[in-house]
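Order of the sequence lines fixes the chain letters, A, B, ..., with proteins taken first and strands second; residue numbering starts at 1 for each chain. Both backbone and side-chain heavy atoms feed into the values below; hydrogens, waters and symmetry mates do not. What you see is a predicted model, and the numbers here were worked out from it, not measured in a lab.
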Number of protein chains: 2
Amino acid sequence: MKRLEKLIDRIITQLNVNLRRFDFDAEPHLKKRLPLTQLLKFYAFYGITTQHPIHFQFSNSNLAGSYFLGQCRVANSVLYKSDIRGDELKGKGSTFQFQDKELAIEDDEIISIKGSYLIKTLVHSYSHDPEKLELFLIKNSATSSYCNVHGSPMEGCFLSPFATVDLTSLYNCIVGRFAYVQTGELSDKVVADGQIWIRKPNAFEFKFKHSEEVLNRYVTYIPGKSTQGIFIDFVEEREDEFQRLFEVVHRSTPVTVPTGATLNRYAVIRGETTINENVLVAQRAYLDNSWLGKGANAQEQCYIIHSFLKGYDVMAHGAKIIYTLLDNKVFVGFNSFLRGNLGCPLTVGYSTIILPHTIIDLEEPLAIPAQHLVWGYIRNHKDLEKNSISLEALSKTEGTLQLGEMTFAGSGEQFVKAFRSRIEHILNDNGAYFDGRKNRGHAQKGHNISFNIIQPYSMGPSKGLYPTIDISP
Amino acid sequence: MKRLEKLIDRIITQLNVNLRRFDFDAEPHLKKRLPLTQLLKFYAFYGITTQHPIHFQFSNSNLAGSYFLGQCRVANSVLYKSDIRGDELKGKGSTFQFQDKELAIEDDEIISIKGSYLIKTLVHSYSHDPEKLELFLIKNSATSSYCNVHGSPMEGCFLSPFATVDLTSLYNCIVGRFAYVQTGELSDKVVADGQIWIRKPNAFEFKFKHSEEVLNRYVTYIPGKSTQGIFIDFVEEREDEFQRLFEVVHRSTPVTVPTGATLNRYAVIRGETTINENVLVAQRAYLDNSWLGKGANAQEQCYIIHSFLKGYDVMAHGAKIIYTLLDNKVFVGFNSFLRGNLGCPLTVGYSTIILPHTIIDLEEPLAIPAQHLVWGYIRNHKDLEKNSISLEALSKTEGTLQLGEMTFAGSGEQFVKAFRSRIEHILNDNGAYFDGRKNRGHAQKGHNISFNIIQPYSMGPSKGLYPTIDISP
């Protein structure tokens, strides 16, 4: 185990150097939290498909429980139960639009993770850094449980539990627990706990911050100790069911899956659950007694329990809904937590956007109207008033707007347009609009993944490290 | 599937060219026998240990159900449910004794399989070709179900079902069903069905041939059709139990295994089975209601059913014993089939050698005395008389000896000495003599193997082929 321990020490030291201006010490975050025995316990796996270029290169790393798809390179890193998806990387010969410029992609893009320590983190989509088109680089960084690194290359960063970085290049930043940033780029910044921050330079800026009291209830985090709170209790209660999926090599499908839909073999399905056409259920999604209408998707770490998705709904990575009815084209953002109960359901109207990191935890039945933007923390009708706005009203906003704890500045029209276009892009990529021939997406391409299982050395100085692996077409 | 089909055609054509002097046509042997769908069904797996150098290189091949350990390279080949063990290869810096010469090994030896088609075949030990010390090469060759390729490099060869080639370099040969050769080298030869042939130039030669009638009962083989007979019925009846082992990623040990013993997780254990100290149970061994005494071993494709092994017994690859009691240090050779029954048990005395490919299928209780050499086909006391000789009597033989259908020529003393030294070598390699500190062998080293599972493309032109894989320390 000597080499693995040295590797972790090396990551800690490098990250402390990168974040020295903040007097940051990575050691309690990284070292005391995860017993090394855990890193031996779970196998890693990679998927082979003919749908996109594959190249897996792993060296001097521990990959326990991690999942890889597409082109990924991992060196001198620890990736524990992380999902590294390279199935939306930019392809050679395509182009990348940056502002008014069109940039040519000269090589197939690759996700490269170097000297980093990621725990239960999703790395997905493609790099949105216009300066490094063919490389989605995560270097000298560490992330915590249930973080999302979405199209966001980073160097020298630390992400606290449940943080999401989205379409943003980060350099030497610390992102607080349950914070969400989508700001294009960010360097030498500390993003506060619970901060929701969406900014497009010269266009708009949205800001909201969860209160300390709410954060402490849902995500408590003391470095060196484990994360606690309602979110963690919720996922831990359901962890055993995932374990059973990992114990078998092949799995028989528990429900009927229409031709154009995909149910990943590492997703949990319980109760009376229905999967309709063009539905995508990703690995580590959890469905219980729910109805997924045509073109809906359930992405990684989603929980859909006693809920109804009418169709074309997007459940972004880490979103959770319980006793919730979604009309068509509802968007539920990253790590959002929507909890109704049997006597107190939540309904969400047509085309409404629930922003990432929204908490709706009901104490009375609630119906969110169609075509609204929703954020923050909502328990009842009164909270909803201060934490939502109709998309129509927002589109008319120009300048600044304050509503409850939320501030908005800039063009509401551009904000709404950007979100709507992104939702369409997600539905399209996931295959929601497949007509039997055209508009093929992940829901159609995900059928024929062959899973390969890799394990580390189980003894000697290399104990816990995986051998050097190179897989190419 | 286009590329896989082309690959098989290419192997057939090349083998036909190599064996053209025999008017051999590989097509019915290779093509009609195995539906291509089978090649998609089973995953392959390789073991990672720190006990010996690893390097796995797979390219343009199908590896369905195959097992790899140590240094192996496979290119342009189909390996179906084969065991390729590279854990006894020659190591860099060691020496190889050839007659009176000592040759230095300058590189770690590697098993290299090129342009070949192996089915349910064991490739094991190290190459005994003194001309290619660092390469155990199998090229342009095809083998059939339950063949053993033991320390025998070969080029342009075809092995029929249940054939064993042992410590022999082969070039452009056809080996008949259930034939066994251990002749040092062999080229441009056809070895007849059921031929048992052990030869050491200038030392001794042993020959026996099973009758056509016996062969037809135990192994019928018509090219283009499946193999039939008692052997196949026997293994097929037990195949489902192996399938269950392959369906789970990790397996809990069904019996207590002492510290110095190894039970491979891909071995079947049933009934009241006891595993004592320093026992080695290899992958795809089958134990049912049996007692394995200290230092006994059960190698790949062994079946031990209602049997008692007192200790230090060797069950070579493919050996099967039913209602059989072995005293200490009994050797049961490759693919031997020893079948007693509840009212009609077989007992084998101390230090007796059952030659490879011996069939003992009892119609009355039988006790084989200690320190004998046994071969051929035995159903009762009368058969035993013509198919065995005491090692003492054999040691005194100089010149020729005929007994029943067996002929022996040369030095009996050297023959007995060679066999005894080999048995000691096997016991030692397998860790039978481990004393808690010294004499560590496979039984002690086999504990910490991490298994990695690989699968082929499941669609497209590469369907059935595995991606290019390179695994190094």
Side-chain angles (χ1 to χ4, degrees), chain A residues 1-3 40-60 62-65 243-252 265-266 444-473, chain B residues 1-3 40-60 62-65 243-252 265-266 444-473:
Chain A
M1 204 97 107
K2 284 240 167 80
R3 286 181 57 206
L40 287 168
K41 200 172 158 187
F42 303 99
Y43 63 76
F45 52 120
Y46 57 87
I48 301 290
T49 78
T50 50
Q51 300 295 334
H52 38 78
I54 60 157
H55 199 171
F56 301 107
Q57 293 165 282
F58 306 134
S59 60
N60 196 39
N62 174 285
L63 309 168
Q243 200 43 47
R244 281 195 283 277
L245 294 179
F246 283 87
E247 282 165 5
V248 297
V249 176
H250 294 290
R251 172 208 188 185
S252 55
R265 57 87 73 237
Y266 290 104
Q444 293 77 44
K445 294 175 185 170
H447 291 290
N448 293 290
I449 302 176
S450 301
F451 289 104
N452 291 251
I453 291 176
I454 49 176
Q455 305 217 43
Y457 287 106
S458 63
M459 62 180 299
S462 297
K463 186 169 173 179
L465 287 177
Y466 285 61
T468 304
I469 296 176
D470 192 306
I471 315 288
S472 56
Chain B
M1 202 99 109
K2 285 240 165 85
R3 286 181 56 203
L40 286 169
K41 202 172 155 187
F42 303 99
Y43 64 77
F45 52 118
Y46 56 86
I48 301 290
T49 77
T50 49
Q51 300 294 335
H52 37 77
I54 61 158
H55 199 172
F56 302 108
Q57 294 165 280
F58 306 134
S59 60
N60 196 39
N62 175 285
L63 309 168
Q243 200 44 48
R244 280 195 283 276
L245 293 180
F246 283 87
E247 282 165 5
V248 295
V249 176
H250 293 290
R251 171 209 189 183
S252 55
R265 58 85 75 235
Y266 289 103
Q444 292 78 44
K445 294 175 186 171
H447 291 289
N448 292 291
I449 303 177
S450 300
F451 288 105
N452 290 251
I453 291 176
I454 49 176
Q455 305 217 44
Y457 286 107
S458 63
M459 62 178 303
S462 297
K463 187 172 172 177
L465 287 177
Y466 285 59
T468 304
I469 296 175
D470 193 307
I471 315 289
S472 58

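H250(A) is linked by a side-chain hydrogen bond (donor to acceptor under 3.5 Å, both in side chains) to nothing, counting only residues two or more places apart in sequence or in another chain.
Ranking I454(B), V248(B), N448(B) against chain A, the residue ahead of the rest is N448(B), based on heavy-atom pairs under 4.5 Å. Counting heavy-atom pairs under 4.5 Å between each of P467(B), A44(B), P456(B) and chain A puts P467(B) at the top. When each of N60(B), I449(B), V249(B) is scored by its heavy-atom pairs under 4.5 Å with chain A, the top score falls to V249(B).
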Please tabulate, for side-chain N and O atoms in residues 50-59 of chain A, each donor-acceptor pair with protein atoms closer than 3.5 Å (sequence neighbours left out).
{"residue": "H52(A)", "atom": "NE2", "partner": "T49(A)", "partner atom": "OG1", "Å": "3.4"}
{"residue": "H55(A)", "atom": "NE2", "partner": "D470(A)", "partner atom": "OD1", "Å": "3.1"}

Item to check | Worked verdict on Y466(B) versus Y457(B) for ring-ring contact (aromatic ring centres under 6.0 Å, His included) | outcome: CA-CA 6 Å; Y466(B) 285 59; Y457(B) 286 107; 8.9 Å; no
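In this structure, chain A has a heavy atom under 4.5 Å from the side chain of Y43(B), while its backbone stays farther away. At a 4.5 Å heavy-atom cutoff, the contact between Y46(B) and chain A is made by side-chain atoms alone.
Rounding to the nearest 0.5 Å gives a distance of 9.0 Å between CG of L245(B) and CD of Q243(B). For the atom pair CD1 of I453(A) and OG of S450(B), the computed distance is 12.5 Å after rounding to the nearest 0.5 Å.
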